[in-house]
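Below: the structure, in structure tokens.
Residues take their numbers from the sequence shown, with the count starting at 1. Computed over heavy atoms, backbone and side chain alike; hydrogens, waters and symmetry mates excluded.
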Amino acid sequence: MRKVLVTGFDPFGGERVNPSWEVVKLLGDLELSGAQIVVRQLPCVFGKAIDALNAAIDEVHPEMVLCVGQAGGRSDFSVERVAINIDDARIPDNEGNEPVDAPIVADGPVAYFSSLPIKTIVNGLRESGIPASVSQTAGTYVCNHVMYGLMHRLAHPSCSVVKGGFIHIPYLPEQAAKHPGEPSMSVHTVLNALELTIAIALHTEQDLRIAEGATH
């Protein structure tokens, strides 16, 4: 059976929970659209997060990788378009690292684009009543770090058939209660959004393969 790897982060920045992991862990061992979902938690630590992601990819051999992270202050399910080759931390990570204007990969490309069908995903989510948008920046913290590391890995010829991308999600309601005025999204809504995202992305790939087969 084909596999999809989905990752979330541990809490950071003084938060007691990270919504990405609170939702992602609920997907563990589910089967969606003919694929087994495998979940892993990444440390909110520069360097180690990419190491953990690469180890998971080596173990799981997924057809698709979807990384999820918290973006407190955002109001919708944000599908990231691009990751840039820079670490510029606004706060220390969970081990006290605080890189400033540091490349993620020395001599690596300036940026990588998601290989997910981002606009198809956003349109599908909106049609299902879930607030969603294409985001043009994943920031310069550990989320962008992981997205860049993921896409750099998938750019290797050995991973050329693997699709990947990054999703940012808002605070959970219990977090927003401690940040008056900040938007939030429930676990139930985010879980539905992730399930739809996976289904849309997998079906898009399947449709492309069918179309390619019809031309040969």
Member of L5, V162, I198 meeting the side chain to side chain contact (heavy atoms under 4.5 Å, CB included) criterion with M64: I198
Donor-acceptor contact below 3.5 Å, side chain N85 vs main chain V105: yes
Heavy-atom donor-acceptor pair, D88 side chain to V100 backbone, under 3.5 Å: no
Donor-acceptor contact present, side-chain S128 to main-chain I130, <3.5 Å: no
Steps toward side chain to side chain contact (heavy atoms under 4.5 Å, CB included) verdict (V146, L53): CA-CA 8 Å; V146 163; L53 176 61; 4.0 Å; yes
Flag for H156-S158: side-chain donor and acceptor within less than 3.5 Å: yes
Same apolar cluster: V142 and V45, side chain cutoff 4.5 Å: no
Flag side-chain contact, heavy atom, 4.5 Å: S114 against V79: no
Stacked cation flag R90 on Y141, 6.0 angstrom / 45 deg: yes
Which atom of L150 lies closest to which atom of C67, heavy atoms considered: CD2-SG, 4.0 Å
Where N144 and I86 come nearest, the two heavy atoms and their spacing: ND2-O, 3.3 Å
Minimum heavy-atom distance A35-V4, with the two atoms named: CB-CG2, 4.0 Å
Backbone of D93 reached by a side-chain donor or acceptor of N97 within 3.5 Å: no
Nearest-0.5 Å distance that lies between atom OG1 in T7 and atom CZ in R40: 10.5 Å
N94 side-chain N/O to F12 backbone N/O, donor-acceptor pair under 3.5 Å: no
Sidechain-backbone polar pair: H145 side chain, G47 backbone, donor-acceptor under 3.5 Å: yes
Expected output: side-chain T197 to main-chain A193 donor-acceptor under 3.5 Å: yes
Least distance between heavy atoms, Y171 atom then P183 atom: CB-O, 3.9 Å
4.5 Å side-chain heavy-atom contact, Q36 and D29: yes
Between Q70 and H168, a side-chain donor and acceptor under 3.5 Å: no
CD1-CZ distance between I104 and F46, expressed to the nearest 0.5 angstrom: 8.0 Å
Value rounded to 0.5 Å, distance of CG in L172 from CG in N18: 8.5 Å
Close side-chain approach of S33 and H203, heavy atoms under 4.5 Å: yes
From CG (D101) to CG (D87), nearest 0.5 Å: 10.0 Å
Plane angle bin for F9 and F166 - parallel if under 30°, tilted between 30 and 60°, otherwise perpendicular: tilted
Nearest-0.5 Å distance that lies between atom NZ in K25 and atom CG in L191: 12.0 Å
Set of residues satisfying salt bridge (Lys or Arg N to Asp or Glu O under 4.0 Å) with respect to E182, sequence neighbours excluded: none
Single-linkage hydrophobic cluster, 4.5 Å side-chain cutoff, F77 and V82 together: no
For A155 against Y112, the heavy-atom pair lying closest together: CB-CE2, 3.9 Å
Residues E63, L202; criterion side chain to side chain contact (heavy atoms under 4.5 Å, CB included); working and verdict: CA-CA 9 Å; E63 179 175 311; L202 288 176; 3.8 Å; yes
Distance in Å, I167 CD1 paired with M147 CE, rounded so as to fall on 0.5 Å steps: 9.0 Å
Worked verdict on V134 versus K119 for side chain to side chain contact (heavy atoms under 4.5 Å, CB included): CA-CA 7 Å; V134 173; K119 289 192 174 179; 4.0 Å; yes
Salt-bridge contact R16-E174 (side-chain N to carboxylate O under 4.0 Å): no
Exercise: identify the closest heavy-atom pair between P170 and R74: CB-O, 3.1 Å
Common cluster, V17/V68, ILVMFWY with side-chain heavy-atom separation under 4.5 Å: yes
Under 3.5 Å donor-acceptor, S115 side chain and G164 backbone: yes
Chi angles and distances behind the side chain to side chain contact (heavy atoms under 4.5 Å, CB included) call for S133, R126: CA-CA 9 Å; S133 66; R126 288 176 176 173; 4.0 Å; yes
I84 with L154, same ILVMFWY side-chain cluster at under 4.5 Å: no
Pair R153 + D58, salt bridge at N-O below 4.0 Å: yes
Pair K178 + E15, salt bridge at N-O below 4.0 Å: no
